[in-house]
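So you know, we letter chains A, B, ... as the sequences are listed, proteins then strands, and number each from 1.
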Amino acid sequence: MAYDFQTIEKKWQHTWETGGTFNADADPGREKFYCLEMFPYPSGALHMGHLRNYSIGDMMTRFLWKKGLNVLHPIGFDAFGMPAENAAIKSNTPAAEWTWHNIEHMTEQLKRMGCSYDWRRRVETCNPDYYKWTQWIFLQFLKKGLAYRKNSPVNWCESCATVLANEQVINDGRCWRCDTPVVKRNLEQWFLRITDYAQELLDDLDNLPGWPERVKIMQRNWIGRSEGARLSFRETSTGEEIETYTTRFDTIFGVTFLALAAEHPFVEKIMSISPKADEIGEFVKRCAAQSSIERSAAGEEKEGIFTGLRAVNPVTGEDFPILIANYVLMDYGTGAVMGVPAHDQRDFDFARKYGIPVKPVINPPDGEILDGETMTEAFEGDGITCNSGHFDGLPTARAIPEMIEWGVEKGLCEKEINFRIRDWLISRQRYWGAPIPIVYCDECGAVPVPEEELPVLLPESVKPSAGGASPLASDEEWINAPCPKCGRPGKREADTMDTFICSSWYFFRYCSPRNDKEVFSKEEAAYWMPVDQYIGGIEHACLHLIYARFFTKFFADLGLSKAREPFTNLLTQGMVIKDGAKMSKSLGNVVDPDEIISKYGADTARLFILFAAPPGNDLDWSEQGVEGAHRFLNRVWRLVEENLDLLKDASGAPLIPMKDLKEPRLREMKRRIHAAIDAVTRDIDVEKQFNTAVARLMELLNALHQFRPETPEEKVLFREGADALLACLNPFCPHVTEELWELSGHGEPLAMLPWPEAEEEALKADTVTVVIQINGKVRERADFPAGLAGDELKQRALELPGVARRLEGMEIVKIIAVPDRLVNVVVKG
RNA sequence: GCCGGGGUGGCGGAAUGGUAGACGCAGCGGACUCAAAAUCCGCCGUGGGCGACCACAUGGGGGUUCGAGUCCCCCCCCCGGCACCA
């Protein structure tokens, strides 16, 4: 017979809500802790990934409250985005209505989970009170010259009918949301200058010891810093200087061609003077038509076309042909590459295909002498410089810096650092997002909406369409607005902001969510920020987690906050798996959290999730595992219920310290209680291994279950154990533990009672099992008094009959003794 | 290709260089019951032996050490990230 979790959970949820139990206010006199889980998109209902995320965060929050900290634990909704729009198109429900309905439903679900949020602080990014400040932040970027408009080839998703930022193009050029191959389009779009922060974003990763190494590595890769040199080659007929960027300036003597991207500005000039203009034009068109998937595939056949023009190597005076090549990208470096086929595989493949000479300028360190005629692949490794004038004989490690140094002195090149990360494209041709607060005027150009006129409200009547144009442009009433500068008729910016903007600063807003005067209160942010513990999925490693760092640095530079990093500790939880695959609707392997909570209760769901795997691992969903967790809670319930009288008898009696317990059985019970407290505390606080913490509590329950107290002394001890079990289990299963705590005669609720502390004296064992090895193999075990020193331990081990028998006729070489652990006898013969 | 993270029973997973497999799931045997469920007790890495025991065993191969799942070297496999970035 199961305990009545339905009634109990409702009861305590009601108590917490009406009592504001988990509301937190800034209090400079108290140590704070900011515990945050990534806020959900209100897609309709919580899924298991959410349940896991919020179970982890809630358990930690409750633990930290009990440790005496002032804990900020807020939640909100990342409420702008495509699904609302799609739902609007499909079911003819306004996006706002759909979204707000989901928000209310999911709020109810979070409450049913027993989550300890400060609900006063809930924010929704689609709320004008919120996006007013999203727009304000955009204006600050604009003011600082960090927001700008540019016409450029941008990533376009046909299915989402909008552009995407580089970070949002994943899996070989596909849309992060719908997996559709992305194409390039030329559009005038808004960008944020995240590249201004590239170096700091990279450097500060070293100041984040609380982040998983792999997330930091992913960000380093994404930022992609490279050191090299910029140098120009003069085109012989026009005298035009064509700039290139190289990380291998030491190969400058090996340049045998120059390759331009099809979009390179000089290509137009070439067409105007070249007799081959038609042919070249056709090639350029073909390149442009290739999707970014085709163009960025490493195995793709390299194609090029001779332009008939030539350029001169400023170092050697040699001249060589200029080509246009499909493997040269316009948006990295200068869009032009110096071709060194002997030492770059791509250049090599290209040169062989088009009969361009290969000129080695580095020989391998093993003494081999390369021959450009017969080489079958490029030599890209380090070696000894050759065919390079007075630099011959230098090893690569010295050649690169020394040759750049020389080039800079001679005025041939400049040192340059390049980044792979690009400026953040934030325009979206969508309806359900924060409007970009700009009015276009024929006279004044793009004019920012004055701050006092914010928010630029999103009209709720607009019907989003599946087509390509920005839906807002179709709202005549909305789109027409006077120029804020000159008052003449103008048109509003019809694009909305990338929703990743909204989620880049919500953790600041939580600090003062109802502030209608400022983006956030400096004082409140100074107290709460940075977030001490952030919990979420790893899929945001190069998206949200970079953007949020960028915004935080920008706020610091505006003087709004001192924090230069938003998240001190990051926990990336694994996925929830079933039948070997991530839960997904298309695979039909989803388990509905509502059903689990209805059938077993929130405590059971939370316990299973935390017990089944360490938080970083993928979690294999198992209904039998859930039943196991439920069985455990029923046993806890019975342990208290069946011993209620006894527990009440013992209430109020002072605990018996270890030194006053004589009987071994009682001393052992006491030790187990405190060993459990000690281990659970360490697992939660230090190791972040919640599965083993639960295992220790299961052991404690098993021990209590077998204890069967009779004497008054035993009853006091039993009560101590039951109390410890409930107190330690409370952050995991807050409802059932709270109910049992009350039932067993405690006045005050558990939630805010101090976390139990292990008694040092009670952790020491009286006797220990020592293992006796002979030549490293376990041969005997013996219970000895704890703390025997080496010599005595050896003595007693050798006296054991089993050991003595085995050692007969053997010569003892040496004996290793580890107190309280083992004795290893090394023998010969 | 480069950079990470992994590989331990039937399964999820434990193990400061010191008893490999905690805890749970599944399975097997027993008690209770007219019976079943629930519950309780016991067994549960593989092979051998009636047995106390013995051998083997943490992806494979070497090494360091009295002692290696753990440290070092080489290799295989799986997962993730990046990848024509000049």
Please list, by residue number, the residues of residues 781-794 of chain A whose heavy atoms come closer than 4.0 Å to an atom of RNA chain B; answer none if no residue qualifies. A:R781
Nucleotide by nucleotide, 5' to 3', does protein get under 4.0 Å of the base (B), only the sugar-phosphate (S), or neither (-) in nucleotides 4-11 of chain B, counting heavy atoms? S-------
Need one value for A:V826: base, sugar-phosphate or nothing, where a base atom within 4.0 Å counts as base even if backbone is also close, heavy atoms only. sugar-phosphate
Under 4.0 angstrom, heavy atoms only, what part of the nucleic acid is A:N418 near: base, sugar-phosphate, or nothing? nothing
Checking understanding here: a glycosidic angle within 90° of 0 is syn, the rest anti, so what is B:rG47? anti
Please report the distance separating the C1' of B:rA20 from the corresponding atom of B:rC44, rounded so that it comes out in whole Å. 16 Å
NA contact type, A:T246, heavy-atom cut-off 4.0 Å: base, sugar-phosphate, or nothing? sugar-phosphate
May I ask you to say what A:G628 touches in the nucleic acid, namely base, sugar-phosphate or nothing, with a heavy-atom cut-off under 4.0 Å? sugar-phosphate
Can A:E380 and A:R346 be said to form a salt bridge (Lys or Arg N to Asp or Glu O under 4.0 Å), step by step? CA-CA 11 Å; A:E380 296 184 324; A:R346 296 159 301 173; 5.8 Å; no
Taking atom types as modelled, is there a side-chain donor on A:Q706 or A:N702 under 3.5 Å from an acceptor on the other? no
C1' gap between B:rG7 and B:rC75, integer Å: 14 Å
Check whether any side-chain heavy atom of A:Q219 lies under 4.5 Å from a side-chain heavy atom of A:L205, and answer yes or no. yes
In whole Å, what is the span from the CE atom of A:M575 to the C1' atom of B:rG80? 9 Å
Which atom pair, heavy atoms only, marks the closest approach of A:A724 to A:I673? CB-CG2, 3.9 Å
Given the P atoms of B:rG24 and B:rC79, what is the spacing between them in whole Å? 32 Å
Counterpart residues, side-chain contact (heavy atoms from CB on, under 4.5 Å), relative to A:E241 (two or more places apart): A:S232, A:R234
Between the side chains of A:R420 and A:N221, does any donor sit under 3.5 Å from an acceptor? no
Please list all pairs meeting salt bridge (Lys or Arg N to Asp or Glu O under 4.0 Å) that have one or both residues in residues 764-778 of chain A, counting only residues at least two apart or in different chains. A:R667-A:D766, A:E761-A:K764
Test side-chain hydrogen bond (donor to acceptor under 3.5 Å, both in side chains) applied to A:E303 and A:Y327, step by step: CA-CA 7 Å; A:E303 281 189 75; A:Y327 74 94; over 6 Å; no
Excluding sequence neighbours, so at least two apart, what forms side-chain contact (heavy atoms from CB on, under 4.5 Å) with A:N775? A:V826, A:V827
By side-chain contact (heavy atoms from CB on, under 4.5 Å), A:R248 pairs with (sequence neighbours left out) A:T246, A:D250, A:T251, A:I362, A:T396, A:I400
How is A:D347 classified with respect to the nucleic acid when contacts are heavy atoms under 4.0 Å: base, sugar-phosphate, or nothing? nothing
Does a distance-only test, which skips hydrogens and angles, find a donor-acceptor pair under 3.5 Å between the side chain of A:N824 and the base of B:rC66? yes
Please report the distance separating the P of B:rG10 from the corresponding atom of B:rG1, rounded so that it comes out in whole Å. 33 Å
From OH of A:Y327 across to P of B:rA86 the rounded distance in Å is 13 Å
So what is the 5' to 3' dot-bracket string for RNA chain B, if pairs are Watson-Crick or G-U wobble with both distances under 3.5 Å, crossing pairs use [ ] and | means the partner sits on another strand? (((((((..(((.....[....))).(((((.......))))).((((....))))..(((((..]....))))))))))))....
For the side chain of A:K814, counting heavy atoms from C-beta on, which of B:rG18, B:rC66, B:rA86 is nearest? B:rC66
Summary of salt bridge (Lys or Arg N to Asp or Glu O under 4.0 Å) pairs that have at least one residue in residues 605-620 of chain A, sequence neighbours excluded: A:D58-A:R606
Looking for any heavy atom pair under 4.0 Å, which part of the strands does A:D349 touch: base, sugar-phosphate only, or nothing? nothing
When you compare B:rU46 with B:rU39, how far apart are their C1' atoms, in angstrom units rounded to a whole number? 33 Å
Looking only at atom P, what distance separates B:rG17 and B:rC53, rounded to whole Å? 30 Å
Which whole number of Å gives the distance between the P atom of B:rC78 and that of B:rU65? 35 Å
Per-nucleotide protein contact along nucleotides 39-56 of chain B, 5' to 3', at a 4.0 Å heavy-atom cut-off (B base, S sugar-phosphate only, - neither), is SS-------------SSS
Under the side-chain contact (heavy atoms from CB on, under 4.5 Å) test, which residues partner A:N824, sequence neighbours left out? A:Q773, A:I816
Using the test side chain to side chain donor-acceptor pair (under 3.5 Å), find all partners of A:W211 that sit at least two apart in sequence or belong to another chain. none
Listing, residues 680-701 of chain A side-chain donor-acceptor contacts under 3.5 Å, not counting sequence neighbours, or none:
from, atom 1, to, atom 2, distance (Å)
A:T681, OG1, A:I677, O, 2.6
A:T681, OG1, A:W755, NE1, 2.9
A:R682, NH2, A:D678, OD2, 3.1
A:D683, OD2, A:T692, OG1, 3.0
A:D683, OD2, A:A693, N, 3.2
A:K688, NZ, A:D685, O, 3.0
A:T692, OG1, A:Q689, O, 3.0
A:R696, NE, A:E699, OE1, 2.9

